[in-house]
Number of protein chains: 2
Amino acid sequence: MDVNARTDQMMARLREEGYKITPQRIAIVKVLAESKGHPSVERIYETVQGVFPTVSMATIYRNVMIIKALGEVLELGFADGSNRYDGNKPYPHPHMICINCKRVTDPEVGSLEDMTQTLSAETGFQIISHRLDFFGICRSCQRKKANFQ
Amino acid sequence: MDVNARTDQMMARLREEGYKITPQRIAIVKVLAESKGHPSVERIYETVQGVFPTVSMATIYRNVMIIKALGEVLELGFADGSNRYDGNKPYPHPHMICINCKRVTDPEVGSLEDMTQTLSAETGFQIISHRLDFFGICRSCQRKKANFQ
DNA sequence: TTTTCTGCAAATGCTTTGCATGGGA
DNA sequence: TCCCATGCAAAGCATTTGCAGAAAA
């Protein structure tokens, strides 16, 4: 989905829910609406800081939490606290994570519907959501490594 | 794999690597060798405490880290800090996680080899590992919920 | 005897919260 | 004008680290 359209969509949702439209909030939503980067809180902070130098981490955390509670952003939580966010495709989908540069990309793959169906039928587990991550070395990092050898 | 056999295997590995065999360490390994529960650090602590009342969290954390570094335990990290550990099957495999009781079980499913192959071929990403979690409500919790309605 | 390990307590570092001020509606 | 939102600073909290004594080899 187009970034601007997605931004408008998220802003409309916030307005609907009674949240006020502040410049900081708009800036945060804009960063989240771009899925490509799968930004971290730190990254969102740095980007917003470029426009509002006095913005605080608290504001970033509070807004990301609000938007997440509305289901408008997908949180990819990691145990080391390096969470990443996707506001462009806020529904479960596979990710490829480079363990070297930490880049997160969305591969083009079929969904896991077959496996989900099978699991539900066999175990009686009512599946609500899933998460599938592939860890490895991205093309770019493979090239860089080759240059050192 | 049998729990005792797996315990011996892990202990042997620790000995090989030059680690000393302490009673606390043995107790921790025993808890990890049982995959069924996918225990948390807290759970390991409580269990070991049953035998060594003065054991400290620091000892649990240090030992789990050592065993993890040896690749003898799979860490299922969660952003909220509620990490779970599997020392019986310390390699990537799908998990089913009940969002109600937090129970973690291993479903019987085929691996993701096909998808992994396809992704590697299409994107050039060198896949080293993966993680697949299904979130939902387990049978037991579905029954309990039914009782309240 | 030497070296590692443990338990305690303090430090760390990210995230959350309280509060007074500022800014939307 | 009325609240909600922000920024700052302090509080929280799970995890990690430093250190001295205890235990393994």
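Order of the sequence lines sets the chain letters (A, B, ...), proteins ahead of strands, with each chain counted from 1. On a predicted model such as this, the values are computed, not experimentally measured, just so you know.
- Of the residues near DNA chain D, B:Arg15 and B:Asp80, the one whose nearest nucleotide (by heavy atom distance) lies more toward the 5' end is B:Asp80.
- A donor-acceptor pair under 3.5 Å links the side-chain atoms of B:Arg84 to the main chain of B:Lys102, judged by distance alone.
- Side-chain N or O atoms of A:Asn88 include none that pairs as donor or acceptor with a backbone N or O of A:Val3 at under 3.5 Å.
- A straight line from CD of A:Glu75 to C1' of C:dC14 spans 13 Å, rounded to a whole angstrom.
- When rounded to the nearest whole Å, the span between CG of A:Leu14 and P of C:dG24 equals 16 Å.
- Listed by first and then second residue, the salt bridge (Lys or Arg N to Asp or Glu O under 4.0 Å) pairs involving residues 129-138 of chain B are B:Arg131-B:Asp133 (not counting sequence neighbours).
- What separates CG of B:Asn83 from P of D:dC13 is a distance of 18 Å, to the nearest Å.
- A:Ser120 places a side-chain N or O within 3.5 Å of a backbone atom of A:Phe125 that can act as its donor or acceptor partner.
- A donor-acceptor pair under 3.5 Å is formed between the side chain of B:Arg6 and the backbone N or O of B:Gly87.
- One interatomic measurement links the two molecules: CD1 of B:Ile60 to P of D:dT16, which rounds to 13 Å at whole-angstrom precision.
- When atom types are taken as modelled, the side chain of B:Arg13 and the backbone of B:Leu70 share a donor-acceptor pair closer than 3.5 angstrom.
- Between the P atom of D:dC13 and the CE atom of B:Met57 lies a distance of 14 Å, rounded to the nearest Å.
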Nucleic acid footprint by protein, nucleotides 4-11 of chain D - heavy-atom cut-off 4.0 Å, B for base, S for sugar-phosphate alone: SSBBB---
